[in-house]
Each structure stands twice: as structure tokens, then as C-alpha cells.
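Scroll down for the structure; my scribbles are underneath it.
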Amino acid sequence: SPPLLEVRNLRKSFWIKTSPIAARHEELKAVNGVSFTLRPGRTLGLVGESGCGKSTTGKLIMKLLEADGGEILFEGRDLVPLSPGRLRPLRRQMQMIFQDPYSSLNPRMRVGEIIAEPLRIHGLARGEALRETVVELLGRVGLAPDHAQRYPHEFSGGQRQRIGIARALALQPRLMVADEPVSALDLSVQAQVVNLLQDLQRELNLTYLFIAHDLSLIEHISDEVAVMYLGTIVEHATAEALYLRPRHPYTEALLNAVPVADPARRGRYVPLKGEVPSPLAPPSGCTFHPRCPYARDICAQEAPPLSEKQPGHRAACHFSDEVGRLRTR
Ligand code: SF4
Ligand code: MG
């Protein structure tokens with residue numbers, strides 16, 4: 001099937017005031033040429049440490065931020081140049097689930113009103129039909145009809161995230177951008193919410209862009225995984241291929257950082273050295289080189305292009321064939 005979403009060379013910079021005295025602003029390239037396609041009913045997991053540009057990518061696709069350049073094709077139509085009026089009917093088909101279920105719901109509104117609000121704004125339902133839709137949406141996310149009368153503070157984090165999901169579903173979207181939707185929840189609750197998202201995907205043929213900071217969480221939900229580092233995708237493959245044989249040292253390091261259940265293997269954990277460099281002053285050549293155990297002279301000089309190493313498996317590394325020898329997992 002043709003892609004539901006195609007992102008081409010997406011770019012976004014922020015201008016950061018670095019000195020309180022001089023009127024000096026420095027360019028922070030938050031998203032620096034990101035491209036991928038996503039077919040309907042599929043899930044792309046977008047991972048990387050915080051500050052790598054994954055949330056900004058999600059917000060650009062949702063048009064919560066204006067892109068500096070590139071294209072965002074939704075069913076073949078570029079969203080970037082669209083006026084708000086033209087965007088509106090398309091925008092309905094794309095919804096976002098946020099990380100923090102505590103701050104994303106209006107505390108003064110009843111749950112029923114929170115879920116009904118998008119339907120009312122778009123003039124899609126009112127009266128009894130609206131109430132019935134709210135009850136149906138509550139049921140879809142595993143909440144009882146009488147929860148509509150209650151306020152967000154009466155619910156746990158996991159339940160609040162279910163409310164956020166019900167609200168996002170109200171407009172019958174086709175694409176859901178989920179920005180770390182379970183990161184703020186207890187571990188035991190995380191799996192329940194991920195399972196709910198998977199069930200909803202099957203029932204409603206939803207397409208997900210699922211943003212996360214570690215690879216363990218998205219292993220089972222993702223069909224494909226794209227790994228971001230300092231504003232660019234450094235590896236993109238099917239989940240199966242990426243977990244089986246990563247082709248970028250950063251992916252390998254992230255995989256090694258995933259906690260291993262087997263105590264015998266735990267000792268072989270190879271930590272990722274150093275911090276993510278400031279995106280205001282990214283390293284030369286391959287931006288991962290100061291942290292890379294495979295780095296050689298060329299790495300500090302030449303940026304490796306994101307190129308196909310196997311059919312459907314892209315990586316940006318001069319020595320991707322060597323990756324794998326430091327695997328511990
Ligand atoms: Fe490491 Fe060099 Fe590959 Fe960059 S290009 S990831 S520094 S080996
Ligand atoms: Mg983020």
C-alpha cells in the first residue's frame with residue numbers, strides 16, 4: 001500500500017540566546033534532514049536519548065511547530081505549505097498522545113467533557129449522540145461509563161493516559177503520534193497501556209509514530225525502528241533486523257544499555273561513554289565519533305551518509321560492517 005506518511009528532508013532550527021549581554025543567538029539544528037515513510041496500519045518506533053530531536057520531529061509532523069524546510073506528505077499531500085484552513089480537515093486525521101498524563105488533561109473539566117471537546121469543536125456530535133460516543137470511547141480504552149462524570153485528579157496515571165487516548169480517538173484519526181506515552185507511568189502499568197495501543201491499532205487500523213528513549217519498550221510494538229542522534233536518523237530498519245543485527249554503533253550501544261534479565265549476561269554490559277554533545281556545537285564528521293568505540297581518523301572528518309546496507313536497512317556509519325562485535329545482548 002502507498003505510504004500514509006512520507007517525511008522528506010525535514011529541518012528545524014531553534015535560535016538560542018547564548019550570552020545574556022551580547023545579542024548573540026546560536027543555531028541549534030534540532031531536526032537536521034530527517035526522511036522516512038510510514039505505511040498505513042504500521043508502527044514506526046523513533047528512539048534516541050533526550051535532546052536528539054525525536055519530539056521535535058513529532059511536533060513538526062503534527063504542525064505544532066513550523067518546519068524550516070522539507071516535506072511532510074500525508075497521503076501524498078504536503079502539509080508544510082498548507083494554510084490553517086486547508087490543514088484543518090487533514091489535521092483531524094492526525095492526533096497526538098503526550099508523555100505526561102498529569103498535565104495534558106484540563107483539571108477543571110469532567111472526563112466526559114474532555115473526551116467530547118474535540119467532537120464539539122469540530123461540530124461532529126451533540127446531545128445524546130455525543131454522550132453515547134463518549135461512553136463508547138471510554139469503553140474502547142477500558143474505562144466505565146460513569147467515569148465520564150469524574151475529574152482527572154480522581155484517576156491514576158495509567159487511567160489518565162487512557163483518557164488522553166480516548167480523547168485522541170474521538171476524531172477517528174488515522175495517524176497517532178505518541179510521544180513517550182508511557183514513560184511517566186509505573187513499569188507495571190506501561191505494558192498495559194502499550195497493549196491497549198496495540199489492540200486499538202488492530203481494531204481501528206491506526207498508524208503509529210511511537211517516540212521512546214529506550215529500545216526495550218518499543219521492541220514489541222514497532223514494525224520498524226528509526227534511531228536518532230543529534231537531529232538525524234542514524235539507523236532505520238525493520239524491528240526484526242535492527243534488534244538482530246544493528247548496523248550503527250549508537251544502536252548497538254542503546255541495545256547494550258537495555259537491562260538484561262539473565263544475570264550471567266549482565267556483567268558484559270558496555271556502557272555508552274560520555275554525554276550527548278551540545279547540539280549547539282556538534283562534533284565534526286560523524287557526530288557520534290567522540291563516543292564511538294569503532295571510530296577512526298576518517299570519522300572526525302567525513303560525515304557518513306545514511307545509506308542502504310541491506311534491502312530496507314539504512315545506517316549512517318563508515319564501518320557498519322564491523323558493528324556487532326561489542327554486542328552483549
Ligand atoms: Fe563510529 Fe565512525 Fe561509524 Fe561514526 S562513522 S558511528 S564514528 S565508526
Ligand atoms: Mg522528548
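Atoms within a ligand are numbered from 1 in the order they appear, just like the ligands themselves.
Screening residues 15-52 for ring-ring contact (aromatic ring centres under 6.0 Å, His included) gives no qualifying pairs among residues at least two apart or on separate chains.
Using cut-offs of 30° and 60° for the angle between ring planes, the His248 and Tyr250 rings count as perpendicular.
Listed by chain and number, the hydrophobic cluster partners of Leu187 come to none, as no ILVMFWY side chain reaches under 4.5 Å of it.
In this view, Phe155 and His147 satisfy the ring-ring contact (aromatic ring centres under 6.0 Å, His included) rule, not counting sequence neighbours.
Using modelled atom types, one side-chain atom of Glu252 and one backbone atom of Gly324 make a donor-acceptor pair closer than 3.5 Å.
A ring-centre distance under 6.0 Å is not found for Tyr294 and Phe319.
Here the protein contributes Cys286 SG as N, O or S atoms under 2.8 Å from atom 4 (Fe) of ligand 1.
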